[in-house]
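Written below as C-alpha cells is the structure these notes are about.
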Amino acid sequence: MIWLGPMSSPATEDLHRRAVAGDGDAQFALSRVFDREGRHEIAVSWLDRAARQGHVPSMTWLGTRLLVGRAAPFQPNEGAVLLARAAELGDAGAAARVAVLAALGIGRPQSWETALDWLQTAAERGEANARAQLVLLTGDDSVCAAADRPDPVPTLWARARKAVDLTAWLVPPVARTISESPRIRVFEGFASPAVCSWFIRRAAERLVPARVYDADKGGRRPDGMRTSSGAGFGLLDTDLILALMRARMAAAAPALDTATFEPCNILRYDIGQRYEPHYDFLNPEAPALAETLARQGQRQATFLTYLNADYTGGETAFPELDWRFGGKTGDALLFFNVEPDGKVDPRTLHAGLPPLTGEKWLLSQWIRDQAQPII
C-alpha cells in the first residue's frame, strides 16, 4: 500500500480505497491530488503503479515527466519507453510525443519518416495539434480546405502525411555572405509566412520578461539593457514544425549539429523595447560563468529567423561593423560568435534596436560547441 498521512476529505479517502484496490483511474486521480499538495514523490509512485498495471493515461503522464525530470526523476530513456507503450496502446497525446522523439532521436533512432507516421497516427486519433501540424507541413491548399470542414474524412490524414515534402523542409535556401570575418550569412525566405505565424501563435500566450546572463553571480537575471519578452521551447514544448526548423538551420551550415542547439526562444519586441549592445558568447574570463561553460560549452553561433515585418525600426545592428539587418518575414540571419579557432570574437557585438511602430517577432536559436542536456 502506498500511503502517507490522512486524506483531506471523504471523497479523497474513497479515491484512496479504490486506488489501493487496483483502480487505474483512481490511482491516476490520486497522483494528481498529491501533485497539488507538492508531494511529487508519492504522486510518481501512484503513476508508476498504475502504469505497470497498463493504465495508458498514467503511462503517458509519467513518461512525459520522466523525459525532462519535471516533478519526477530525470530518466529520459525510461520516459521514452513509457510513451512508446502508451502510443502503441492507442493514446493520441503519446503518439504526438513519440513523433517528436523520433524526429530528435531521443530513446529511439532518429527518423523523419517514423516521426511523420506517428504524427499521422496522432491526427487520426483526433489530436488537434497534430492535425494542425500536418496541414501546415503539407502546404497543400486542398488539404487545408478539407481540414477546415467540421468532420474531416478519416483518410485525410494519410493523404496529408503523404503530401509532406521532406526535401523542401530540410534543404535551406542558398546563403548570401555578408562577411567572412566575422562569419555572417543571410538566408532569404528561410521560413514561409505560414510557419512564421505558427511560431508567433505558439509563443503569444507564454511570454515572460527576457533575462541576461549574470557574469558576476552566475545564472540569469532581468536587466534594463534587455526589455523584450520571450518564450523558451524545451523538449515538452517542441513539435515537429520546430524540429524540422532546427534541422533546416543545421543544414544551412554544415558545421552545426542540432545536438548542440539550446532550447530555442521566440522573442517579441514591442514599441520602444530593445536589447542594448551585447555579445551572445559567454565571457570565458568571468569566474561565475565557468560552470556553465564547462557543462554546456560556448555559444558558437546565433541563428535568428525574422517572423514578421509589419513594424518599422527594430533592426539587428552590429556597431563594430557599421552594419544592420532588418529582415523580411521568413528571412534568417546566421552569425558566428567565435572565430574558427574557437576564440570569442568581439566584433560580433550587436543590438536589437527598438521598433518605432508595430511589434517585432524573432525565433532565436543559440548554438553551443558541445552537446546540450535535455531540458
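Since this is a predicted model, take the numbers as computed values, not measurements.
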Does the ring of Y213 carry R220 above it, NZ/CZ under 6.0 angstrom from centre and within 45° of its axis? yes
How long is the straight-line distance from OG1 of T305 back to CD of Q365, given to the nearest 0.5 Å? 9.0 Å
Set out, in order, the CA-CA distance, both residues' side-chain angles and the distance that settles side chain to side chain contact (heavy atoms under 4.5 Å, CB included) for K360 and Y306, then state yes or no. CA-CA 8 Å; K360 169 187 172 182; Y306 295 73; 4.2 Å; yes
Please check if the number of heavy atoms outside R221 that lie under 6.0 Å from its CZ is greater than 12. yes
Flag for R108-T114: side-chain donor and acceptor within less than 3.5 Å: no
What class does the angle between the rings of W323 and F318 fall in, given that below 30° is parallel, 30 to 60° is tilted and above 60° is perpendicular? tilted
Report yes or no: is the cationic atom of R206 (NZ for Lys, CZ for Arg) under 6.0 Å from the centre of the six-membered ring of F233, at an angle within 45° of the ring normal? yes
Consider only side-chain N and O atoms of T60 and R97, and report whether a donor and an acceptor are under 3.5 Å apart. no
Indicate yes or no: does E180 engage R185 in a salt bridge with an N to O separation below 4.0 Å. yes
Answer yes if F190 and L267 sit in the same cluster of Ile, Leu, Val, Met, Phe, Trp and Tyr residues linked by side chain heavy atoms under 4.5 Å apart, and no otherwise. no
Option passing side-chain contact (heavy atoms from CB on, under 4.5 Å) with L15 (candidates D23, V20, D25, L30): L30
Would you tell me whether T302 and N337 have side-chain atoms, one donor and one acceptor, within less than 3.5 Å of each other? yes
With hydrophobic residues grouped by side-chain heavy-atom distances under 4.5 Å, do F74 and W61 end up in a single group? no
Measuring only between side-chain heavy atoms, which start at C-beta, is R246 closer than 4.5 Å to F303? no
D223 bridged to R226 by N-O distance under 4.0 Å: no
